[in-house]
Amino acid sequence: MSNSSLQTKPPMLELQDLSVSFDRQRQLAVDRVNLSIQEGLTLGLVGSSGAGKSSIARAIMRLHDADSGKILFRGEDILRMDPREMKAVRQRIQLVFQDPLASLSPRRSVGQTLLEPLQHFALGDTLSRQEKIRHTLHTVGLDHDVLRRYPHQFSAGQQQRIAIARALVTDPDLLIADEAVASLDVSIQAQILELILDLQKDLGIALLFISHDLAVIRQIADEVAIMYRGQLLEQSSADAFFSGPAHPYSRALLTFASSAEPPRLPDGNWNLEQARSAMEVNASCVFAHKCAEKMPVCEQLEPRSHRIQYRDERAMEPHCVKCHLYDEATGNEN
Amino acid sequence: MMRETWQRLKSDPYGLSGLIVVSVFFLIASCVWSGLLGQGWYEVSGTRWEGISAEHWFGTNLIGQDILQRTLFGTATAFEVGLTVTICSTLLGTVMGALSGWYNHSWLDEIILWLKGVLDAIPFYLFAAAVAFALQGSPWAMHVAMIVTFWTTTARIIRGEVIRIKQRGFIEAARAIGLPGLKTVFRHVLPNTFHLLLVQASIVFVAAINTEVILSFLGLGIQDGVSWGLMLAESSQEVLAGHFGNFLAAGTALFLLLMGFNLLADALQDALDSRRIVR
Amino acid sequence: MLGVTFISFLLMVYFGPDKTYELLGKNPTEEQIREVRHELGYDRPFLVRYGDYLRELVTFDLGLSDSNGEPVAAILARTLPVSLALVLPGFVIGNLLGLALGLLAAWYRGKWLDKLVMSASVVGMSISFIVIIIGLQILLCTPYGLNLFPVRGWQVDGPGSYLYYVTVPTLALVLVTLGYNTRFYRAVMAEEIERDHIRTLRAYGASPAEQLFKHVLKNSLVPVLTRIMFSIPFVVISGSLLLESYFGIPGIGLVTFNAITSGDQPILKAVVGLTGILFVVALMINDMLYSLVDPRIARP
Amino acid sequence: MTVPALRVSGLSVWIGSGADSIQVVDGVSFDIDPGEATGLVGESGCGKTMTAMAILGLLPSTGVRVSCDHIEINGRDVSRLNTAQRRKVLGRDIAMIFQQPATALDPVFTMGQQISAVYRRHADGNQRRAHEAMLASLESVGFERPEEIAQAYPHELSGGMRQLSMIAMAMVCKPAVIIADEPTTALDSSTRALILHQLQQLQALHGTAMLFISHDLGVVRQSCRNVMVMYCGRLIEKTDCQNLFSHARHPYSAGLLSCIPQLGATRPGRISSIPGQVPALADLPSGCHFAARCNRSEPRCSESTPVLDAQDKKGVACFRPL
């Protein structure tokens, strides 16, 4: 989709037709996704569990092999890098995980945990490393007296702060937060979101923020991308998206998320065969089986991705959607 | 973390008494090794089957050797066998288990699993006998047989734990900064299996001592020196004639040491409970 | 199966006792050695010998025993039933009792009954098999104790004499396995009792009997069956070896032990093969039982 | 005045024994009328689940101490019953829906077997009638073909279907009270809406009282009329949902509300969060547990404890409410 963008600045990270599959499964975890993240901005990647959000994060970090496509980091394809180049990229991109306790090595003290990336990337000398650790802990709102303590001695919120500190200690340019606030209570979630927003403002890092929770995305994202079953269905600026989501799936998501409205039931297909057949791959639109605005063409033809044309000034921001409703050739003009 | 464990162990009376029993036995064994105790185990110092006396606290055996001396020396034998087997089989099991767990689903894993399956399927005493004959009566045949069979359990436990740990976030985090596999295993995986290894090692120790007794009894065990198993083998004929010295001495010593170790293993398991430390 | 026979063959036959010197006596000439080795087939390549062995196993053509010339198949047929009769009662009682005690301890976990059962099982685990055998002998078979049962031997010709000879070995087997069994079953049951669906049952007012005997037991059948099935080959061969050599009972364990010490290769080969078969059968029955017991295996 | 379907008064729970024991539930009292749904909201570790388990008497008898004035279901005190009498109440008069339907159902029995077992235990031992009741219950939660579900094992159902089956199991004896402990937390958003809808429908249909435990204020707002907020083992505010969202009175409730991220066409301003951390239960401050984090606190807040009026539907445990 970013191919069609009019952006003048080249994106920091760009995915081109990226596909990722699990071991010999029929359905792709990530299916020809095009996505881009600008320097210093936040992309919110939204989808329900199993939509392929985490697979994208894992593919970027080369934790999982991609099948095809490109991942361009400042113009260089990560997937074709040799180990030395990759090591340099890993220093620039850091991950924060969902479960803070699980992501910290249980038998290593906070100090050891924070030191490890510095040692691995051979950054600084012994003295400056200690100084860097102290400084980073201060940035995430922790005192340096935590250094000798172990992860299980902290509360969930503090653990996530430690995990963020570990990610920041190498001065990355891109932070990938994979459901980083999903397992936290709302009051702690608010504190961590606040911290991430502050950090981004102060350090100017870009953020790929993966979440299933649209309200959290609204707080933090400049751009929004919606995934469903491995495919990217919609990408636009956050303001355009939240004032008028285009894809039927996006609209359904937003309806479920806004608690003010009574829940709208999906048509009750609660029997085994349908539940199983819903898991089958179909060659057409991935959302067709649940779509409230389904047309005959949706079951026959896979939709293409389209720019939505706005008459007002927002037209400069690309708003792309993969749905027949917006395709003049196949669907009705909305 | 070790301090927490020690605190819990100290507050457990059973575990503490187990530790004390094992320590006392270990002290005896050390004295034997350094030549302070049990050096007269082979001297014929009395007449056959003497009763309890000031000179022979536990009486004498068939040819008039002092049973106390032999029991003390047997302690050293037990520790020698137990420590050798425990250390070797635990190391072997850890390496094999870590390899097959870390390279889960690879050909290496398959081979190690196959080897484990085969070794587990061979009845142990037959195997020990076969090893004894294959090694032409070497005094280490028993040790080898035990090491070769005992590592499988340790490896299975470590493999399962490594696979479990591998899926956890902090391993993903280590891989995300590109930490090499071996470094990850040693720095982040194996330290988290330490509690299991400690417990398993104490279980292997018990099994080794137990097995030594049975193998010695069958004539496949200790060749030079004396062990509790040999004493029990001697006693199996004596008891029919009403001489219980060997049986009581070796049986009691064996029971106390095994009991101590079992209690210690239990207490360690509680103190190192993975759910409390590695949640 | 192939693996088991392979390793065992390697150890027991290829590296095993060499009868050359036994047959020739001391100071043989080189010529004699070569001749005898050829006669015994020791000079043929390893794989050929292994292949021959497999063929013998498959066709049940097990040959004659080296020591007394009796057909190996006949020896097995004579001794296997004795061993089974010897270890079966102890095996069954040991497992049932262990299961019952384990269930009891797991249900009252943390209470005094649990502590009592567990302490007793630690004591049981700490007594060596040999000590148990000798101790029981003193208590039950000698004039120093009750003197009710025979010290050794096996002359069974009816239920009465069977009981007479089998009681002490059975008691020994039960005592030595009970501690381990109880602990294992308690661990399995305790884990099962703490599972969420047992809590659901309690929340819906199910009685302890329904929780334990219907749900806990059925859910824990997989590990329980695995343990039972896989301990069968060991109890039959290893367990009987010690009991039989001590009590002088002419079962398969004793025959095997004698074969090892005298280097009777045909018997060793047959026993190794038998173990492999037992193991594979146990594996197959186990898989079959799994799918009967667990719908997640039967209907994935 | 109606008799409340569920009345809990003075419920306290301690974990551990002697001087080391930690109080995790502290004097919780509330009423729920027939047909009324009340939410119990709080952060993890605040004692919500402990409260539910204590009401049902499901806490282990060793290592945990429970005390209460009384727990009444339809006016009958069940807190003093012996275990056999209590078993007759559980599942018949009060039923529980658990958070994880994947583990809360027995994997080796079919859904039908598990649901009819509940019916046969409490209502009618007859196999055929139990089977019919089971099918009817499955149908009432929205399954079009209940026979299929009845013959399925839990692992053959999706998460949402398992939770619906769990609701069918809870409803099969038409209990007076249902306790739902985070029933939708493990499910994704579209399934969550369906489950909440079915729960509300059934509850309205049978006049069942419901205690709905959740950490998610949004979910509670969707499914409950009244709400209680819990903090460090104590109820600190009771009110109706509308009121809580428009005029939360306890500073903690207000803080919690402001932490919820909002959706809207314009990007919201700065998120406000509650400063500090939840104190450890082993080391609770005296007086109001929230005082140290509260921007309205005054000396008396840490000296004496503000109390909530026990059986009232509305109230706030605060000296200086908003």
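Chain letters run A, B, ... following the sequence lines, proteins first, then strands; residues in each count from 1.
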Exercise. Contact part of B/Phe255 toward chain C, heavy-atom cut-off under 4.5 Å: side chain, backbone, both or neither?
Worked result: both

Seminar exercise, completed: When the 4.5 angstrom heavy-atom criterion is applied to C/Ser245 and chain B, the contacting part is side chain

Problem set entry | C/Ile127 portion near chain B, given a 4.5 angstrom heavy-atom threshold | both

Exercise. Which heavy atom in B/Asn262 sits nearest to a heavy atom in C/Ser126, and how many Å separate them?
Worked result: ND2-OG, 2.9 Å

For this session: Measure across C/Ser128 and B/Leu254 and return the closest heavy-atom pair with its distance rounded to 0.1 Å.
Result: CB-CD2, 3.3 Å

Drop me the distance from [X]'s [atom1] to [Y]'s [atom2], to the nearest 0.5 angstrom.
{"X": "B/Asn210", "Y": "C/Met125", "atom1": "CG", "atom2": "CE", "value": "9.5 Å"}
{"X": "B/Met259", "Y": "C/Ser119", "atom1": "CE", "atom2": "OG", "value": "7.5 Å"}
{"X": "C/Ile130", "Y": "B/Phe247", "atom1": "CD1", "atom2": "CZ", "value": "10.5 Å"}
{"X": "C/Ile138", "Y": "B/Leu248", "atom1": "CD1", "atom2": "CG", "value": "7.0 Å"}

For this session: May I ask you to name which of B/Asp266, B/Ile209, B/Leu256 has the most heavy-atom pairs under 4.5 Å with chain C?
Result: B/Asp266

Problem set entry | Within 6.0 angstrom of C/Glu191 CD, more than 12 heavy atoms from elsewhere | no

